[in-house]
Participant: 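The structure's right below; bear with me while I get my questions together.
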2 protein chains.
Amino acid sequence: MLGPMAALPLPKDVFLDVFRSAATRELAPGEVLVSAGQPADQVFNIESGMLMLYRNGSDGRRQVLSFLFRDNFVGLSATDSYFFSVEAVTRARVAVCPRRVLNERLAGDPVAERAFLNMVFRVLEDILDIVYSLGQRTASERLAVFLLYMRHWQRLTDGIADDADPRLATIALPMGRADVADFLGLKKETVIRSLRELQDQGLVRRLDPHAVRILDLPRLRALAGISDFASPRRLG
Amino acid sequence: MLGPMAALPLPKDVFLDVFRSAATRELAPGEVLVSAGQPADQVFNIESGMLMLYRNGSDGRRQVLSFLFRDNFVGLSATDSYFFSVEAVTRARVAVCPRRVLNERLAGDPVAERAFLNMVFRVLEDILDIVYSLGQRTASERLAVFLLYMRHWQRLTDGIADDADPRLATIALPMGRADVADFLGLKKETVIRSLRELQDQGLVRRLDPHAVRILDLPRLRALAGISDFASPRRLG
DNA sequence: CGGCAATTTGATATCCATCAATCGGTGTGG
DNA sequence: CCACACCGATTGATGGATATCAAATTGCCG
């Protein structure tokens, strides 16, 4: 089953081979992998499960900056301490590598360094999409973008090549409503109501609190404003 | 006046020397430097003036992603076409360099490549602050952050070392209210009202539509939640 | 001085947040 | 097996912040 018929392989970046022989760590749901302020002496690569990267304000507010999936790299930092926190949403396994090892790898190999830079660019573009969403889109639009975002990662994680694959009809939402809310700049009640609105309009159907079935993908994409940008384009 | 007494030099990144012998281009206010979708075959470095980087949605919405100042690099892109637009706010001059030249410079010089990567990291961290603002902060908090952000760049651009320098008491706001609004995810009337609120609370005073005097820097910083993050920390 | 564009102010509408139940699963102990 | 307690999700009622629409004012440029 390999070769051209093989399902959409995850595009592994070359520099990720520093994790080849690395130790791994198992995480339970809710377990914290890195805390903001800690010395940033390790980097990670997710082997399985889902994690959540966020920032806390001093007054209890929290912004979820990203959900992280298989083969996502964790530990980007310009400084010597983390400026974000990461915790597991589901049970997860991560490969652990000393930052020093990665740095030596990048310093010694221009191809790896270029691949790393490209990854950082992709992260940057994705974040710019988030900025647009937070600044300009309404609650239901943000939720539509979010569902397509989860669908996108589910597709990559499961290595599904065909956009019409029936496995992509149901989207898993392992995180709680409050996590979604803090990702989208909303409150959990608003997330719930917006989801209900999408359902009332026939775009999706809630199967249970952690699964949604997509009923009308074209209209969902239209609502999300897919045609506009980089990352939404990838979502398509 | 050079030497240790010299005011806070702009930290020029080594890779910027590709602009040494580059051609320059003069821009009038409102003039467009790059349009989203164009082939990304040039990169720029700002020599003077202020520019604005933004994205347009197909329905007329716009998100200003960043204001750009002297020695800011313009043209980050993972792909071969720009995914944002840039236009001049004030009269401005930029140095222009073919992307190919920059790439060759980076490929041939690990030090330059590392400096470039560090710059991308700084951009990333700044954007994460913006994400937190858009997702979690109220209108007046965002405006407070914005004023400190403008103060920060004014300080760098003017090379002012002392945080208490009287020149930093008045902040220039060359852009229109609608530009500020699209940066902060608000409407221009809300920007105006939030500014009035800051004034009514004695934090600032509007001198004219394009200049604000800061009356109570500590309280402004407290409102902005300065203590929390990377970029606000730099604003202090 | 006149005219235009941007800013500011005012009145109202809308969306989202807040506060307060109720519902629904899940696990535990009887 | 059932009763209960707990926690997250959902729904409902209300409030508050921001958007929208409209008018007045200011500043700017000829």
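The figures here come from the full heavy-atom set of this structure, side chains too, leaving out hydrogens, waters and symmetry mates. Residue numbers begin at 1 in each chain, while the letters A, B, ... track the order of the sequences.
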Participant: Could you give the CZ-to-C1' distance, from A:R196 to D:dG12, as a whole number of Å?
Facilitator: 12 Å

Participant: Contact class for B:R193 vs. all strands (heavy atom < 4.0 Å): base, sugar-phosphate, or nothing?
Facilitator: base

Participant: Just how far, in rounded Å, is P of C:dC16 from CG of B:L186?
Facilitator: 14 Å

Participant: Do side-chain atoms of A:Y149 reach the backbone of A:F67 as a donor and acceptor pair under 3.5 angstrom?
Facilitator: yes

Participant: Send over the distance from A:I192 CD1 to C:dC19 P, rounded to a whole Å.
Facilitator: 16 Å

Participant: Figure out the CD/P separation between A:E189 and D:dG8, and round it to whole Å.
Facilitator: 13 Å

Participant: Tell me: CD of B:Q199 to C1' of C:dT7, nearest whole Å?
Facilitator: 14 Å

Participant: Would you indicate, yes or no, if D:dA9 has its OP1 or OP2 atom less than 4.0 angstrom from a side-chain nitrogen or oxygen of A:R206?
Facilitator: no

Participant: Got a salt bridge between A:R151 and A:D163, using NZ or NE/NH1/NH2 to carboxylate O under 4.0 Å?
Facilitator: yes

Participant: Is it true that A:D129 and A:R137 have a side-chain N and a carboxylate O under 4.0 angstrom from each other?
Facilitator: no

Participant: Can you find a side chain N or O atom of B:R177 that sits less than 4.0 Å from OP1 or OP2 on C:dA6?
Facilitator: no

Participant: How many Å lie between CG on B:L143 and P on C:dT8, as a whole number?
Facilitator: 11 Å

Participant: How close or far is atom P of D:dA9 from atom CG of A:L207, stated in whole angstroms?
Facilitator: 16 Å

Participant: For the side chain of B:R155 and the backbone of B:A161, is there at least one donor-acceptor N/O pair under 3.5 Å apart?
Facilitator: yes

Participant: Under 4.0 Å between a side-chain N/O of B:K188 and OP1 or OP2 of C:dT7, yes or no?
Facilitator: no

Participant: How many whole angstroms separate atom NZ of A:K187 from atom P of D:dA13?
Facilitator: 23 Å

